[in-house]
Amino acid sequence: MTTLPRATIAVAAVFACLAACGNPEASPAPPPSSTTATSTTTTSSAPPAPASSPPASTSSSPSSSSAPAVPGGKVVVLDPGHNGGNGSHTAEINKQVPAGRGQMKPCNTTGTATNAGYEEHAFTWDVANRVKDELAAKGIKVVMTRPNDTGVGPCVDQRAAVGNQAKADAVVSIHADGSDSAGAHGFHVAYSNPPLNAAQGAPSSKLTHDLRDGLKAAGFATSTYIGTDGLSPRADLGGLNLSERPSALIECGNMRNAGDAGTMSSSDGRQKYADAIAKAIMAYLS
Ligand code: ZN
């Protein structure tokens, strides 16, 4: 928070992120989609999962190539953090919504940005779409929590509802953090803890570990400033608290760190994140 006085937007974003990037989600009470200009449940243009098409080569054994075989009919909800219109709709975004465990939190936040002004919502939108394409190519049905990067919200509780209503086999929220602590860098994966239901127990733990392992295997460094070995138990994240499906939230890195920002700001870097995330999700589903 020793924020360098950049554009006020950037400053606000930093605060927003410290307060909410880690806890970008909020809660359930489905306030009518009023605030959310965007409709939540858009079945991504992802090719519907041919319910019968067992992916890949040999019957049950994962193909020896990179991606493990995933049984047909799987549904994945991808939740790109924040939204492009949040910054200009503060009233809607600051509205308090239930966030689980009796907490109330703001509907959503603006997210953070790199020092050069590359905003988190754009990063998460881009990475999520790359992941979506890779999963869809494997016959997995992908549902996004927002249909574009120009809308407002949805609120965290509505985002959680998307995963619940889709009966998702996995829900993955994609974010980036914003910390001005010297040298702070690296990714971490957050999960609801203590778990509030069965899905938040072993299934979410496995999803979290698969994502952590996949990002590490792809060469991404674990966070130097949050969590332990890339894992971060959280009780304050609405999206995770309210989920009734296996869920995890990835903070891909620290946008205020030059190294992480460089990777996140490049197309190649975002593809590297997407490849690792998609592969980890497929490993989880296989
Ligand atoms: Zn965020």
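Note that this is a predicted model, so its numbers are computed, not measured.
- A donor-acceptor pair under 3.5 Å links the side-chain atoms of Arg245 to the main chain of Ala168, judged by distance alone.
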Could you go step by step and tell me if Leu285 and Lys74 meet the side-chain contact (heavy atoms from CB on, under 4.5 Å) rule?
CA-CA 8 Å; Leu285 296 175; Lys74 297 293 185 183; 4.1 Å; yes

Please report the C-alpha distance between Asn83 and Val152 in whole Å, then the side-chain angles of each, then the deciding distance to 0.1 Å, and finally whether the side-chain contact (heavy atoms from CB on, under 4.5 Å) criterion is met.
CA-CA 6 Å; Asn83 205 337; Val152 180; 5.7 Å; no

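- Under a cutoff of 6.0 Å and an axis angle of 45°, Lys272 and Phe220 form a cation-pi pair.
- The closest side-chain heavy-atom distance from Lys141 to Val143 is below 4.5 Å.
- Distance CZ/Phe187 to OG1/Thr263: 13.0 Å, rounded to 0.5 Å.
- A distance of 6.0 Å separates CG in Leu211 from CD1 in Ile281, rounded to the nearest 0.5 Å.
- Each of Ile140, Asp169, Val142 was checked for a side-chain contact (heavy atoms from CB on, under 4.5 Å) with Val75, and the lone residue meeting it is Asp169.
- Put simply, NZ on Lys105 and SG on Cys155 are 13.0 Å apart, with the number rounded to the nearest 0.5 Å.
- No donor-acceptor pair under 3.5 Å is formed between the side chain of Ser205 and the backbone N or O of Gly201.
- Asn129 places a side-chain N or O within 3.5 Å of a backbone atom of Trp125 that can act as its donor or acceptor partner.
- Checked by atom type, the side-chain pair Thr124/His175 shows no donor-acceptor distance below 3.5 Å.
- Using a 4.5 Å heavy-atom cutoff, the side chains of Leu215 and Ile250 are in contact.
- One hydrophobic cluster, built from ILVMFWY side chains closer than 4.5 Å, cannot hold both Ile226 and Phe123; they sit in different ones.
- Contact record, Asp79 with Ser173: OD2-OG, 2.7 Å, taken as the closest heavy-atom pair.
- Residue Met264 comes nearest to Ala176 through the heavy atom pair SD-CB, 3.7 Å, listed as atom of the first residue, atom of the second, then distance.
- Checked options Thr109, Thr112, Thr110; the residue passing with His82 is Thr109 (criterion: side-chain hydrogen bond (donor to acceptor under 3.5 Å, both in side chains)).
- Listed by first and then second residue, the ring pair (Phe, Tyr, Trp, His ring centres under 6.0 Å) pairs involving residues 226-264 amount to none (not counting sequence neighbours).
- Using modelled atom types, one side-chain atom of Gln200 and one backbone atom of Leu196 make a donor-acceptor pair closer than 3.5 Å.
- For the residue pair Asn241/Arg234, the side-chain donor-acceptor check at 3.5 Å is not satisfied.
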Before you tell me yes or no, could you show the steps for Val77 and Thr145 under side-chain contact (heavy atoms from CB on, under 4.5 Å), namely the whole-Å CA-CA distance, both residues' side-chain angles and the distance that decides it to 0.1 Å?
CA-CA 7 Å; Val77 167; Thr145 57; 3.8 Å; yes

The test is side-chain contact (heavy atoms from CB on, under 4.5 Å); show your working for Cys252 and Tyr273 and say whether it passes.
CA-CA 8 Å; Cys252 291; Tyr273 277 113; 3.5 Å; yes

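- Of the possible polar contacts, one joining the Arg159 side chain to the Gly153 backbone as a donor-acceptor pair under 3.5 Å is found.
- Atom OG of residue Ser223 and atom CG of residue Asp229 lie 10.5 Å apart, to the nearest 0.5 angstrom.
- Panel note: side chain Asn148, backbone Gly151; a donor-acceptor pair is recorded below 3.5 Å.
- By the salt bridge (charged side-chain N to carboxylate O under 4.0 Å, His left out) test, Asp275 pairs with no residue at all, sequence neighbours left out.
- Criterion: ILVMFWY side-chain heavy atoms under 4.5 Å apart, direct or through other members. Under it, Val127 and Tyr118 are part of a common hydrophobic cluster.
- For Asp149 and His121, the side-chain atoms include at least one donor-acceptor pair closer than 3.5 Å.
- Counting only distance, with no hydrogens or angles, the side chain of Arg212 and the backbone of Leu207 share no donor-acceptor pair below 3.5 Å.
- The minimum heavy-atom distance between Ala190 and Thr208, with the atom names listed, is O-OG1, 4.4 Å.
- When atom types are taken as modelled, the side chain of Asn164 and the backbone of Glu244 share a donor-acceptor pair closer than 3.5 angstrom.
- Defined by atom type and a distance below 3.5 Å, a donor-acceptor pair is present between the side-chain atoms of Arg101 and Ser192.
- Atom OH of Tyr191 and atom CG of Leu249 lie 13.0 Å apart (nearest 0.5 Å).
- For Ser243 (side chain) and Ala160 (main-chain N/O), no donor-acceptor pair under 3.5 Å exists by modelled atom type.
- Counting heavy atoms from C-beta outward, Arg146 and Pro154 have side chains that approach closer than 4.5 Å.
- Of all heavy-atom pairs between Leu240 and Ser247, the closest is CD2-CB, 3.9 Å.
- Between the CG atom of Asn193 and the OG atom of Ser204 there is a distance of 10.5 Å, given to the nearest 0.5 Å.
- Taking 4.5 Å as the limit, every side-chain heavy atom of Met255 sits out of range of all side-chain heavy atoms of Asp260.
- Of all the heavy atoms in Ala69 and Ser286, the pair that sits closest is O-CB, 3.0 Å.
- No side-chain donor-acceptor contact under 3.5 Å links Glu120 to the backbone of Thr114.
- Side chains of Asp177 and Asn254: a donor-acceptor N/O pair is absent below 3.5 angstrom, by distance only.
- Cys107 is listed as a side-chain neighbour of Val97, based on a closest heavy-atom distance under 4.5 Å.
- The closest side-chain donor-acceptor pair between His188 and Glu251, if any, does not fall under 3.5 angstrom.
- Side-chain N/O atoms of Gln271 and Glu134 include a donor and acceptor closer than 3.5 Å.
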